[in-house]
Amino acid sequence: MQVLNDEVPDDDDFDANRRRGEFDGITPEDFVRGSHGNPPGWLSREDIDRIRRQLPIIYVQIVPVRTDELGRVSQVGSLLHVGDDGAVERTLIAGRVLYHETLREAIARNIAKDLGDIAIPELPVGLQPFNVAEFFPTPGVSPYYDPRQHAVALCYVVPIPGDCKPQDETLDVEWCDPEGERSEVFIQQMANGQGDIVRRALAWVGR
């Protein structure tokens, strides 16, 4: 049996069954850029499901808006996509913060993932979120519910002046006047507390 640092490893220790020198070729760039074409910290479906059962996950949640010539919010956006049950859902832009990724990079990446590369988001100058939403896998613990995991989401309002081309699982992007007749219906169609995030976002921008 291999002995590491004068300690006999248990069978479930991380290094117990690894050959000596297996990580010798790894450089800091492997952590910064990722490997095999995947982003840094990319996890398999099995790994992420296991981690979701054991640890809180950090997310960014983005409320996309259109602004007028004076910088006032004139429209608030939402995404339409097909949920796990096959129904069409109205939701916000959201995604995990990857290992070795800054919050600013996570915001930009998740917007591009859903809206395309020519959305040209105006990323926030400061990274103080307008809200921190704690999603729990148990209904009723907080206003925010995610059956998959315990997630802590940092919420940002981001103006989107460019053209939106729905990507990935996004079917369409819809915009609504925050003071129009449809605004309340628009917000109520968002499940699991995301409508509350939109209300907080509009209050934060003075609408």
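We number each residue from 1, following the sequence as shown. No hydrogens, no waters, no symmetry mates; every other heavy atom, side chains included, goes into these values.
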Which atom names give the shortest non-hydrogen contact between Pro161 and Pro121, and what distance separates them?
CD-CA, 4.4 Å

Counting distance only, does the side-chain N/O of Arg66 pair as donor-acceptor with the main-chain N or O of Ile160 below 3.5 Å?
yes

Cluster question for you: counting only ILVMFWY and a side-chain heavy-atom cut-off of under 4.5 Å, with indirect links fine, are Leu103 and Leu123 together?
yes

Hey, is the main chain of Leu92 close enough, under 3.5 Å, to the side chain of Gln194 for a donor-acceptor pair?
yes

Hey, are the side chains of Ile111 and Ile62 touching, using non-hydrogen atoms and a 4.5 Å cut-off?
yes

Are Leu55 and Tyr59 linked, directly or through intermediate hydrophobic residues, by side-chain heavy-atom contacts shorter than 4.5 Å (ILVMFWY only)?
yes

Considering non-hydrogen atoms only, spot the tightest contact between Cys164 and Trp175 and give its length.
SG-CZ2, 3.9 Å

Where the side chain of Glu101 meets the backbone of Leu98, is there a donor-acceptor pair that is under 3.5 Å apart?
yes

Just checking, is any N or O donor in the side chain of Arg52 or Gln149 under 3.5 Å from an acceptor N or O on the other one?
yes

Can you confirm whether the side chains of Ser74 and Asp68 place a donor and an acceptor under 3.5 Å from each other?
no

Non-neighbouring partners of Phe186 that pass ring pair (Phe, Tyr, Trp, His ring centres under 6.0 Å), sequence neighbours left out:
none

Looking at Glu181, I'd like to know if its CD atom is crowded, meaning that more than 12 non-hydrogen atoms belonging to other residues, nucleotides or ligands lie closer than 6.0 Å.
no

Can you find a pair of side-chain heavy atoms, one from Leu80 and one from Thr170, that are under 4.5 Å apart?
no

Please walk me through it: do Ile57 and His150 pass side-chain contact (heavy atoms from CB on, under 4.5 Å)?
CA-CA 6 Å; Ile57 308 295; His150 175 192; over 6 Å; no

Could you give the distance from CD (Glu46) to CD1 (Ile51), rounded to the nearest 0.5 Å?
11.5 Å

Correct closest heavy-atom pair for Val63 and Phe130 would be CG2-CZ, 4.1 Å

Lys/Arg-Asp/Glu bridge criterion (N-O < 4.0 Å) met for Asp196, Arg200
yes

About how many Å separate CD of Glu179 and CG of Leu202, when rounded to the nearest 0.5 Å?
9.0 Å

Between Ser142 and Phe136, which heavy-atom pair has the shortest distance, and what is it?
OG-CD1, 3.7 Å

Do you reckon Val65 sits in the same ILVMFWY cluster as Val158, going by side-chain contacts under 4.5 Å, direct or chained?
no

Looking at Ile48, I want to see if its CD1 is surrounded by more than 12 non-hydrogen atoms of other residues, nucleotides or ligands under 6.0 Å.
yes

Between Thr67 (side chain) and Pro159 (backbone), is there a donor-acceptor pair under 3.5 Å?
no

Side-chain heavy atoms nearer than 4.5 Å, only ILVMFWY residues, links allowed to pass through others: does that put Ile107 and Val173 together?
yes

Look at the side chain of Arg104 and the backbone N and O of Pro124, then say whether any donor-acceptor pair between them is shorter than 3.5 Å.
yes

Any non-hydrogen side-chain atom of Met190 less than 4.5 Å from a side-chain atom of Ser78?
yes

Are Leu115 and Val60 connected in the hydrophobic side-chain network, where two residues link if heavy atoms are under 4.5 Å apart?
yes

Return the CG to CD1 distance between Asp163 and Ile120, rounded to the nearest 0.5 Å.
7.5 Å

Report yes or no: does Glu105 contribute a side-chain atom to a donor-acceptor pair with the main-chain N or O of Thr102 at less than 3.5 Å?
yes

Roughly how far, to the nearest 0.5 Å, is CG of Asp49 from CZ of Arg148?
9.5 Å

State, with a plain yes or no, whether a side-chain heavy atom of Lys165 is found less than 4.5 Å away from one of Ile118.
yes

Any side-chain heavy-atom pair from Phe135 and Val152 closer than 4.5 angstrom?
no

With heavy-atom distances below 4.5 Å as the criterion, would you say the side chains of Asp146 and Asn192 are in contact?
no

Which residues pass the side chain to side chain donor-acceptor pair (under 3.5 Å) test with Glu174, not counting sequence neighbours?
Arg90

Is a side-chain donor or acceptor of Tyr156 paired with a backbone partner of Leu127 at a separation under 3.5 angstrom?
yes

Would you indicate whether the side-chain heavy atoms of Ile197 and Tyr144 approach each other to under 4.5 Å?
yes

Are Cys176 and Ser183 close enough that some pair of their side-chain heavy atoms sits under 4.5 Å apart?
yes

